[in-house]
Every structure is written in C-alpha cells, then in structure tokens.
J.: 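Just dropping this structure here.
Chain identifiers are assigned alphabetically (A, B, ...) following the order of the sequence lines, protein sequences preceding nucleic acid strands; residue numbering begins at 1 within each chain.
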Protein chains: 2
Amino acid sequence: MNPAGYPGAVSEAVWDRSRCSVAGTLAVVGEKWSLLVLREAFLGVRRFADFQRVLGAPRAVLSDRLATLVAQGVLQRVPYQAEGERQRHEYRLTQKGIDLHPALVALMEWGDRYLAEDGEAPLELRHRDCGEPVHLALVCAAGHELAGAREVRAVPRVPAG
Amino acid sequence: MNPAGYPGAVSEAVWDRSRCSVAGTLAVVGEKWSLLVLREAFLGVRRFADFQRVLGAPRAVLSDRLATLVAQGVLQRVPYQAEGERQRHEYRLTQKGIDLHPALVALMEWGDRYLAEDGEAPLELRHRDCGEPVHLALVCAAGHELAGAREVRAVPRVPAG
DNA sequence: CGAAGGGGGTTCGTCAAGTGAACCCAGCGG
DNA sequence: CCGCTGGGTTCACTTGACGAACCCCCTTCG
C-alpha cells in the first residue's frame, strides 16, 4: 500500500497533472457529443445529415464538433461523388480516430454491465475472424491478463521536483 | 463489407441508439470534470480539498460532480476520523467505480500516443506482480488478441422492427 | 426556363452549465 | 473568545447547448 491507501496509488505530489494524458484526450474528445459522433463513425455513419438524424444533436453543435474533430485529425473531410449526384463530402475516421476505439469499447462495456435494464447489451462485439465475443482486457508484457484495476501499479515517469 | 463501407459497420437503421451503452455511460460520467475526478480517485485522492487542489476545478462544480458520482454509486461517501482530528468524510471508489478503470486507461493510452510532446507518457502502468508494463487489448473468447478495431464486427442484439 | 428539394451549413434568441470570488458553518486549538 | 481548516453554498458573469429559422449550392422535375 502507500500513503493514500489504494493499491497502485501514487503519492499525490509526485506527478504533474498538467500534462496528464487523460485530460489531454478529454480536451480533444471530451465535449458533449464528440464521443457519440465517433461511436456513429465506427458504426459506419459518414455524412452530416446522417449524424444529425441518428444523434439528434443540434446542427450548430454537430457542425462545430465535426470541425473540431477534423482539426484534431481524428476525422478527415473527404470529397466524393456518387454517380449522377453532385459532389459531396463525408467524414471518415483517420488512424488517430480509429485508435480511440478502445475508449469507446470501454465505455460501452461499463454501460452494458451497469446500465442495461434487461442485462442484455444492445450491441455485441465479435471477432471478425472467429466469431467469438470480444472484450477489453489489461495484459502485461509478460502475457498475463490482469483481473482488475487492483493489479495495476501507476509509475510516474518524472519524479517530483 | 456492408452498405456503410466500414468493416464491422452496422446498417444504420438496425439498432436503437436510445439505449446505447456509450451514451448511457456518458450520461453518468460524461460531464466536465467527472472523469478527471475519477482519475484522481484511482491515484488515491479521497478528500474534497485534495480533489479541489489537484484539479483546480471550481468548488461548486466539484461539489456537484462528487454528489452526482455518489448518487450514481460510482463513489461512496465514507465518514472517518483520524486520531486527534474531528470527523471527516472521504470519497472512495465503489466496485462500480473501479470498473471504469479501463475507460480511463483507454483515454490515457490514446493521449500517451498522440499528445505527449516528448513521446514519453507521463504515467506508466505496470503489473503489480511482475512489474511489466501493461496495456489494454481486445481479446476474444477464443484467446486471440485483436490487432485493431478493424477486426471487430458489431452485432446488434435486437433486429430492427 | 423557373420551382422544388436535399445536403451542409450559419445565425439568432433563449436557457442551462461552468467559472471565480465571496460567504457560511461546524469543530477544534489556543 | 478568536481564528483556522475542511467542506461546502451563493452570487454575478461568461460560456456553451439548444431549437428554429434562414441560406447557398447543386440537381432534378415540370
């Protein structure tokens, strides 16, 4: 244990919150609707009107969130032209955006566990190749799958001072 | 592939967003400061004044977020008394709160990858038992570790209609 | 040709939420 | 009794979300 009493806890003065990666990530995708936009993007939605319809978000907000996500490099605004139609553009996930997938999965798994009324997740994730259900796990470089947060020790990289 | 063009994408009309677990989870912890409060809780912070000091959040907001998280069962308000001091109370993670750990880790890993200026994560997670670094992974019930979001297929549990 | 319609927005008035400073109260130490 | 500390609440102000209305571009239809 440690002064704070949690396994894995870090003495509070020892690390610099101002560069915390959680806060940084939330500065990019933490505004209202941003993560829901990304959820839809992962489900294949690409066009403004479709985002607007499935999310029900105010157009102005949606417009702002999409612009922000594009500016951050999480989405990409791509022009395209279906035959017989005029040119449009669509929003696609970049690699940077695709790498947010675990965060969405983590939020989804928690909601499935604690919020689903009937105990049934509305959406299930399966391995494309083998069809088995998929879940997030913490694994260490030695190959152990950790049972929970208690098995994790947080180590600040730059000591105080 | 599918109509939307993404591997794993779900035809848009096929599932009901209103019960989406991502949205549900964000309704619980998606307000400003909530996830940062939980980050500190995982690092061992427990008292109001400590949250306030390390986060720099307005007291009124912090007060509201803590109350909300307690009401949601993510934190627990526990009275305690150190010797020679008057009775105080502290905020502790419940199991429901501890289960949000993967979500925070996912956000942290993304920030480490894309936002750390020097390429060095400010905080590293290690396995308590073997000391090896730890990371989040998608694993399927057959034991495969998935390489990325593209290997995931989302299956709605309740068909349209 | 002009009208209609849909995609992709912006603008505007209103209302909720976040912010910082000030204030409050209980309990303890002197 | 005075002042200090922890844990808040209240208040005035600014920022952000909301819904409705409006706008432009391009295409199709009459």
Side-chain angles (χ1 to χ4, degrees), chain A residues 3-5 12-13 17-18 23 26-38 40-41 44-72 75-92, chain B residues 3-5 12-13 17-18 23 26-38 40-41 44-72 75-92:
Chain A
E12 164 204 323
R17 264 85 169 167
S18 71
L26 289 175
V28 175
V29 297
E31 286 176 301
K32 214 170 179 180
W33 297 108
S34 294
L35 284 168
L36 296 178
V37 166
L38 292 174
E40 296 302 329
V45 173
R46 292 179 169 196
R47 298 216 303 255
F48 187 94
D50 292 334
F51 283 112
Q52 215 260 307
R53 183 165 35 78
V54 299
L55 291 175
R59 298 169 73 79
V61 175
L62 179 57
S63 182
D64 180 84
R65 288 312 106 90
L66 287 169
T68 301
L69 292 171
V70 169
Q72 297 287 344
L75 294 179
Q76 201 179 352
R77 199 161 179 262
V78 184
Y80 79 102
Q81 188 154 21
E83 50 211 303
E85 288 185 18
R86 76 189 216 237
Q87 178 174 337
R88 307 188 186 293
H89 38 256
E90 56 183 18
Y91 298 89
R92 294 191 190 215
Chain B
E12 163 205 322
R17 265 84 170 169
S18 71
L26 289 175
V28 175
V29 298
E31 286 175 301
K32 216 169 178 180
W33 297 108
S34 294
L35 284 168
L36 296 177
V37 165
L38 291 175
E40 295 302 329
V45 173
R46 293 178 169 196
R47 298 216 301 254
F48 187 94
D50 292 334
F51 283 111
Q52 215 260 308
R53 182 165 35 77
V54 300
L55 292 175
R59 299 169 73 81
V61 175
L62 180 57
S63 182
D64 179 84
R65 289 311 107 91
L66 287 169
T68 300
L69 292 171
V70 168
Q72 297 287 346
L75 294 178
Q76 203 180 352
R77 198 161 179 265
V78 184
Y80 79 103
Q81 189 154 20
E83 51 212 298
E85 288 185 17
R86 76 186 215 239
Q87 178 172 339
R88 307 187 187 293
H89 39 256
E90 57 183 17
Y91 297 90
R92 296 192 189 212

J.: Distance check needed: C/dG20 C1' versus B/Q52 CD, whole Å only.
T.: 10 Å

J.: Between C/dG8, C/dG20, D/dG8, spot the one nearest the side chain of B/H89, thanks.
T.: D/dG8

J.: A/D64 has an atom CG; how far is it from atom P of C/dG9, in whole Å?
T.: 12 Å

J.: Counting side-chain heavy atoms from C-beta on, which of C/dG8, C/dT11, D/dG8 comes nearest to B/Y91?
T.: D/dG8

J.: Calculate the interatomic distance between B/R46 atom CZ and D/dG6 atom P; express it in whole Å.
T.: 17 Å

J.: Rounded off to whole Å, could you give me the CD-to-C1' distance for the B/E90 and D/dG8 pair?
T.: 17 Å

J.: Are any of B/R77's side-chain N or O atoms less than 4.0 Å away from OP1 or OP2 of D/dG8?
T.: yes

J.: Once you apply a heavy-atom cut-off of 4.0 Å, does A/A57 come out as touching a base, just sugar-phosphate, or nothing?
T.: nothing

J.: Answer whether the closest heavy-atom distance between the side chains of B/L69 and B/V29 falls below 4.5 Å.
T.: yes

J.: Is the phosphate of D/dC18, meaning OP1 or OP2, less than 4.0 Å from a side-chain N or O of A/W33?
T.: yes

J.: Taking atom P of D/dA17 as reference, at what distance in whole Å does atom CD of B/E31 sit?
T.: 12 Å

J.: Is a donor on one side and an acceptor on the other found under 3.5 Å between the side chain of B/T68 and the backbone of B/D64?
T.: yes

J.: Are A/F48 and A/R59 packed together at the side-chain level, in the sense that at least one heavy-atom pair is separated by less than 4.5 angstrom?
T.: yes

J.: Which residue, A/L66 or A/K32, contacts DNA chain C at a nucleotide closer to its 5' end, judged by nearest heavy atom?
T.: A/L66

J.: Rounded to whole angstroms, how far apart are CG on A/L62 and P on D/dG16?
T.: 17 Å

J.: Which whole-number value in Å describes the distance from B/L55 CG to C/dG18 P?
T.: 14 Å

J.: Of A/R59 and B/P58, whose nearest nucleotide on DNA chain C comes first from the 5' end?
T.: A/R59

J.: Are any side-chain N or O atoms of A/Q52 and backbone N or O atoms of A/A57, one a donor and one an acceptor, separated by less than 3.5 Å?
T.: yes

J.: The side chain of B/A60 lies closest to which of these nucleotides: C/dG8, C/dG18, D/dT10?
T.: D/dT10

J.: Nearest of C/dG18, D/dT10, D/dG7 to any side-chain atom of B/A49?
T.: D/dG7

J.: State whether the side chain of B/R92 and the backbone N or O of B/R46 hold a donor-acceptor pair below 3.5 Å, judged by distance alone.
T.: no

J.: Can you identify which nucleotide, out of C/dG18, D/dG8, D/dA17, has its nearest atom closest to the B/F48 side chain?
T.: D/dG8

J.: Nearest-Å distance, CZ (B/R65) to C1' (D/dG7)?
T.: 17 Å

J.: Is the distance from OP1 or OP2 of C/dT10 to the nearest side-chain N or O of A/S63 less than 4.0 Å?
T.: yes

